[in-house]
Amino acid sequence: MGSSSDSLKTWVSDQLMSMLGYSQPTLVQYVIALAKQATSTGDLVNKLSVECGSLSSSSDTLHAFTEEIFTRVPLLLDDADDDDEKRRVKRRTITGDEEGDDDGSESEEERLVRDQREEQLEQNIRNRDVIGARKLMEPVNALEQDDITALRRVSRQEYLKKREEKKVEELRDDIEDEEYLFDGVKLTEAEYGELRHKKELYEIVKKKKQSVEVDDTREYKIPEAYDQEGSVNQEKRFDVALKRCRDQECVGGKMNPFAEQEAWEDYQIGKAMLKYGSKNKRQISDDDYQFVFEDQIDFIKTSVVDGYNTDNEEVSKLLEKSKAKSALERLQEERKSLPIYSYRDELLQAIQDYQVVVIVGETGSGKTTQIPQYLHEAGYTKRGKIGCTQPRRVAAMSVAARVSHEMGVKLGHEVGYSIRFEDCTSEKTVLKYMTDGMLLREFLAEPDLESYSVLMVDEAHERTLSTDILFGLVKDVARSRPDLKLLISSATLDAEKFSDFFDSAPIFSFPGRRYPIEINYTKAPEADYLDAAIFTVLHIHVKEEPGDIFVFLTGQEEIETVEENLKHRTKGLGTKIAELIICPIYANLPIELQSKIFEPTPEGARKVVLATNIAETSLTIDGIKYVIDPGFCKMKSYNPRTGMESLLVAPISKASANQRKGRAGRTGPGKCFRLYTVCSYNDLEDNTTPEIKRTNLANVVLILKSLGIHDLLKFDFMDSPTPEALMEALELLFSLNALNERGELTMLGRRMAEFPLDPMLSKAIVASDKYKCSDEMISIAAMLSVGNSIFYRPKDKQVHADNARMNFHSGNVGDHIALLNVYNSWKETGYSTQWCYENYVQVRSMKRARDIRDQLEGLLERVGIELTSNANDLESIKKAITSGFFPHSARLQTNGSYRTVKPPQAAHIHPSSGLAQVLPRWVLYHELVLTTKAYMRQVTELKREWLVDIAPHWYQLKDAEDSGTKKKSRGEMKRL
DNA sequence: GAGCACTGC
C-alpha cells in the first residue's frame with residue numbers, strides 16, 4: 001500500500017518538475033493535500049492556480065495534470081487511512097506495555113492531545129486558505145525564493161549559474177545515441193564532458209555555430225519574456241546570451257564569462273528607470289546600474305479611500321490668525337480648528353437629549369481631548385466628575401497632559417489621570433482620564449459610580465477584556481441612575497453593534513482628518529510574505545516618492561530576520577541608492593532603541609519601520625506614507641477544556657487591516673500595499689474576536705462575583721464567552737475556596753479579589769499568611785506576573801545567559817524559588833542595573849516586578865495579612881504556592897514526560913526551566929502552553945502528600961498515588 | 001532542548 005503513495009508522490013514531483021522547473025517534497029505534499037480537498041477537476045485547477053501563483057504553466061498542461069492527479073488521489077487516501085490505523089494500533093500497544101492497562105483514560109488523554117493537534121493543524125490550514133500557500137510553500141526552493149526579491153548584483157550571478165547548471169543537467173538527461181544536444185547543436189561526448197563551466201560551454205557552442213550557421217534570424221533581441229509575469233523563457237534568454245557572447249568575441253576579441261549576464265543587464269538597464277523624488281534627484285552616470293527584479297509582485301490598485309478635510313479654508317484661516325497670539329490663545333484657536341469643533345453644539349444637544357450616545361469619529365478628530373472639555377464647559381462637572389477610559393496607560397497620561405495644557409491648569413488638579421502605580425488626581429479633579437482596568441477596580445469600591453456625572457468609554461472598538469466587562473456593568477448602572485450620561489466612542493465599524501447593545505442608542509458620527517490612501521492588493525497570493533515584504537520595501541525605496549515605510553510583522557523573530565535581510569541587500573550598494581534607515585520596534589525592545597523610530601528622517605534618506613502589532617494601536621509615527629501589510633498577527637487563544645494557552649500566527653480581521661491601512665494617511669496622501677489578494681481580503685473576518693472569547697476567565701469571574709453579580713450566564717455581555725469557559729472559571733474558583741458550593745463569594749474570595757493578579761496567585765498570597773512567608777510570596781507573585789521577559793538571552797551569548805540563569809537554580813530549588821533568588825539578589829545589590837547586565841536579567845522587567853511588589857505589599861495590609869519573612873524555610877514557601885496552584889500539578893510518567901492530573905493530559909517541562917533535566921516525580925507548574933508540545937512553564941517540585949493535605953476536596957488519595965502503585969493496581973484490574 | 005503579539009489591574 002505504501003508504495004502507491006510513494007509512486008503518486010514521485011509522479012507529482014515529476015510533473016511539477018516539468019511544469020515549474022523545480023519540485024520539493026513539501027510542495028508535493030501540498031499539491032496532494034489540495035487534490036484531496038478538491039471536489040472536482042475544475043475545482044482543483046482553481047485551487048492550484050489560486051494557491052500556487054507560480055503554477056501559471058499553460059492551462060492545458062495544468063488541466064491534464066489535475067485530471068490525472070485527481071484519478072490517482074483516491075489511492076493515496078486509502079493508503080493514508082491505513083497508515084493511520086496502523087499507527088494507532090502501534091501506539092496503543094506501546095502505551096499498554098508501559099502503563100499497564102487502562103484503555104479508557106489512556107485513549108482519552110490521547111484524544112485530548114490529538115484534538116489539540118488537529119485543531120492546530122486545522123488552524124494552520126485555515127491560515128493558508130486565506131492568504132495562500134504560505135507555510136508549505138516556504139521551503140519550496142531556497143534559490144527561487146531568493147531570486148524573487150534579490151537585487152541584481154547580489155544574487156543575479158548565482159541565479160544564472162544555477163539556471164545554467166540546471167540546463168546542463170537537463171542536457172545530460174537528454175543523451176541519445178551518444179549525441180549531445182545543446183541549443184540545437186550537436187556536441188560530441190568529449191565536448192559535453194567538458195561542459196563544466198559556462199565559459200567552455202559557450203566556447204564550444206559558439207565555434208560549432210560559427211562553422212555551421214549562418215542563421216541570421218538570431219539577432220540580438222530583447223527577450224520579451226521578462227515582461228510577462230511568471231514565466232521566463234529560458235531559450236530566449238540563452239539566445240540573447242549567445243548573441244552577446246559572439247559580440248564580445250568579435251568586438252573585444254576576448255571571451256567574457258558573464259556575457260549572458262551582461263546582456264541581461266544591458267537589457268534591463270535600457271528598460272528600467274530609476275526614479276528619485278524631486279528633492280534628491282541624482283545624476284545617473286553610465287556605470288550606474290539599476291535595480292531590477294526577476295519577478296515583479298503584481299499589485300492591483302483597487303481603490304482609493306478618499307480623505308476628508310473639513311472646511312479646509314476656514315481651518316487655515318484660523319491657524320493664520322492664531323499665529324500672532326499668546327500661547328494659550330493659540331491653543332484655543334487650535335482647538336477650534338479640530339474637525340469636531342463644528343459639531344460641538346449638536347453633540348451637546350444629543351448628550352442632553354439622550355442618556356447614552358455612541359460617538360463615531362476617527363482618530364485625530366479630537367474626540368478624546370475635546371468632548372470632556374465641552375461637557376465641562378457645559379456644566380456637567382457641577383454634578384460630578386467626568387471619567388474617560390482608555391485601554392492604555394500611556395494614552396491616559398498623555399491625553400490628560402494635553403487637556404490640562406489646553407485648559408491652562410496644572411496636571412493633577414482639575415484634570416488628572418489614574419493608572420496602576422500612579423494616581424495623579426486630587427479632590428479638585430473634574431476631568432479624570434484612566435485606564436479601563438482602573439475603572440473596573442473603582443467599581444469594586446463604588447458600584448454605582450456615584451461621583452461621576454458622565455462616563456466616556458473611549459476606543460471601545462478595541463474590545464479589550466476590561467472594556468467588554470465595563471459595557472455590561474455600565475449599562476446596568478445607567479438603568480438605575482438616569483442622571484448618568486454615557487458616551488461610547490469607537491471607530492466606525494462596530495457603531496451599530498454598540499448602539500444595539502445600549503438599547504438603540506443614537507449614533508453621532510463626525511469625520512476625522514484624513515488623506516486619501518491608495519490600496520494595492522497582490523494579483524496572486526504570495527508564497528512567502530516575508531520575502532514579499534522585503535521585496536516591496538526595496539521596490540518602494542527605489543521606485544516611489546520619498547516618504548517612510550511601515551511594515552507590520554508578527555513578532556520579534558520576523559522583525560530580526562527582515563532587518564538582517566534588508567541590511568544585507570542594501571549593504572554592498574553604498575551610495576548607489578538613497579540611505580535606508582531600518583527601525584525595528586516591538587514591546588520587548590529596550591526603550592532606548594525604541595525611541596529611534598521617532599527621530600526625524602534625514603534629508604534624502606528613507607526610514608523603514610518594522611513593527612509588531614504594537615503599532616496598530618499603541619503608537620503613532622509621523623511621516624509614514626507607505627504601509628506594507630502581510631495580513632498576519634500573533635494571537636493568543638485559550639482552550640478552556642484543557643486549560644492550555646497557545647500563541648498562533650493568524651490572519652488579521654478586516655477591521656485591523658483597515659486600521660493598519662490608516663497608518664499611511666496621517667500626514668499626507670499614502671499608499672497601502674496588502675500582500676494578499678482581494679479575494680483573501682474578502683475572506684477575512686470582519687472583526688477580531690474579542691478578547692473575552694479567547695481568554696481564561698477566572699479573574700473576570702472573581703471580579704464580577706465580588707461586584708455581586710451571581711448569575712454570570714445571564715450577565716449582559718456584548719459578546720458572551722462560551723459557557724464552557726465560564727464553568728471552567730467557576731470550577732477553578734470553587735476549588736480555590738473563593739466560591740462556596742452555591743457559587744457565592746467566600747471571605748477568602750473577597751480578599752483574593754483585592755489583588756490585581758490571577759486568582760491562583762492571589763490564593764497563594766493569602767495562604768502564605770498561614771505559612772509565615774508572605775514577604776517571599778509577594779516577591780514570587782510579582783516576578784511571575786511580569787511574565788517571561790525576565791531573562792535576557794541574546795542569540796550570540798546563549799551559553800553565558802543560560803549559565804547565569806542556572807546560578808539561581810542551585811540546589812534544584814525550582815523555578816519559583818529561582819525567581820525569588822533573582823529578585824532578592826537584585827535587591828541586595830541595591831537594585832543595580834549593572835548587576836542585571838552581568839546576570840542577563842532585563843532591568844525593565846525587574847523594575848516592573850519591584851513596582852508590582854510594592855503594590856502587593858500595600859494590599860497585604862488592606863486584607864489583613866502580616867508581612868512575614870521565612871526565607872530559609874523553602875518548604876513553607878512551596879506549600880504556600882501549592883495552596884494556590886494545586887490544580888496545576890503533574891506526575892512523571894515512565895517515559896520521561898509528565899501527565900497533568902486534572903484534566904489528564906501529556907505535558908513536558910519547558911527546556912528553559914531549571915528542572916528540565918531533573919525530572920522530579922511530582923511538579924507544580926505556573927502555566928501550560930502549547931507550542932510544539934504542551935509545555936509547563938515555571939515548575940517547582942512538589943510532595944504528593946501536600947496535595948492531599950492542602951486540597952483534600954480536589955485530590956483524593958487515589959489521584960495522588962504514585963505511578964508505581966498505580967501501575968500495580970491497574971495490572972491487577974487488568975487480570976480481573 | 002525551546003522560542004514569547006499586545007494590553008491591563
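- Minimum atom distance to the side chain of S912(A) is reached by dA2(B), of the listed dA2(B), dA5(B), dC9(B).
- In this structure, of dT7(B), dC4(B), dA2(B), it is dC4(B) that holds the atom nearest to the side chain of K634(A).
- Residues G555(A) and Q855(A) each lie close to DNA chain B; by heavy-atom proximity, the contact nearer the 5' end of the strand is made by G555(A).
- Counting any heavy atom pair closer than 4.0 Å across all strands shown, R937(A) reaches a base atom.
- Y792(A) has its OH atom 15 Å from the C1' atom of dC4(B), to the nearest Å.
- Remark: P of dC6(B) and CG of L647(A) are 9 Å apart, rounded to the nearest angstrom.
- When all heavy atoms are compared, the tightest approach of R853(A) to S779(A) is NH1-OG, 2.8 Å.
- Atom CZ of R393(A) and atom P of dC9(B) are 5 Å apart (whole Å).
- If you take OH of Y586(A) and C1' of dT7(B), they are 19 Å apart, rounded to a whole angstrom.
- Donor-acceptor pairing under 3.5 Å is lacking for the side chains of D802(A) and Y840(A).
- Look at E442(A) and K432(A) and you find a salt bridge, because one of the NZ, NE, NH1 or NH2 atoms lies within 4.0 Å of a carboxylate O, short of that distance.
- For dC9(B), the OP1/OP2 oxygens have a side-chain nitrogen or oxygen of T435(A) closer than 4.0 Å.
- Applying the 4.0 Å criterion to OP1 and OP2 of dC6(B), one finds that T612(A) has a side-chain N or O inside that range.
- A 4.5 Å side-chain heavy-atom check between I778(A) and L867(A) finds at least one atom pair inside the cut-off.
- As rounded to whole Å, 14 Å separates atom P of dA5(B) from atom CD1 of I585(A).
- Contacts of S785(A) with the nucleic acid, taken as non-hydrogen atoms under 4.0 Å apart, are absent.
- If you take CD1 of I419(A) and P of dT7(B), they are 13 Å apart, rounded to a whole angstrom.
- Atom CZ of R694(A) is separated from atom P of dT7(B) by 14 Å (rounded to the nearest Å).
- Heavy atoms of R420(A) sit under 4.0 angstrom from at least one base atom.
- Within 4.0 Å (heavy atoms only), L465(A) reaches no atom of the nucleic acid at all.
- Close to dA2(B), at under 4.0 Å from its OP1 or OP2, lies a side-chain N or O of Y935(A).
- At a threshold of 4.0 Å, the pair D851(A)-R848(A) does not count as salt-bridged, since none of the basic side-chain nitrogens sits closer than that to a carboxylate oxygen.
- In this structure, S789(A) and F421(A) both approach DNA chain B, and ranking their closest nucleotides by distance from the 5' end singles out S789(A).
- In this structure, M635(A) reaches neither bases nor backbone, as no heavy-atom distance under 4.0 Å exists between it and the strands shown.
- Contact annotation for Q556(A): backbone-only contact, meaning every heavy-atom pair under 4.0 Å involves sugar-phosphate atoms and none involves a base.
- If you check every strand for non-hydrogen atoms under 4.0 Å, E927(A) touches nothing.
- Of the listed nucleotides (dA5(B), dT7(B), dC9(B)), dC9(B) has the atom at the smallest distance from the side chain of M438(A).
- Rounding to whole angstrom units, CZ of residue R463(A) and C1' of dC6(B) are separated by 17 Å.
- There is a side-chain donor-acceptor pair under 3.5 Å between T554(A) and E558(A).
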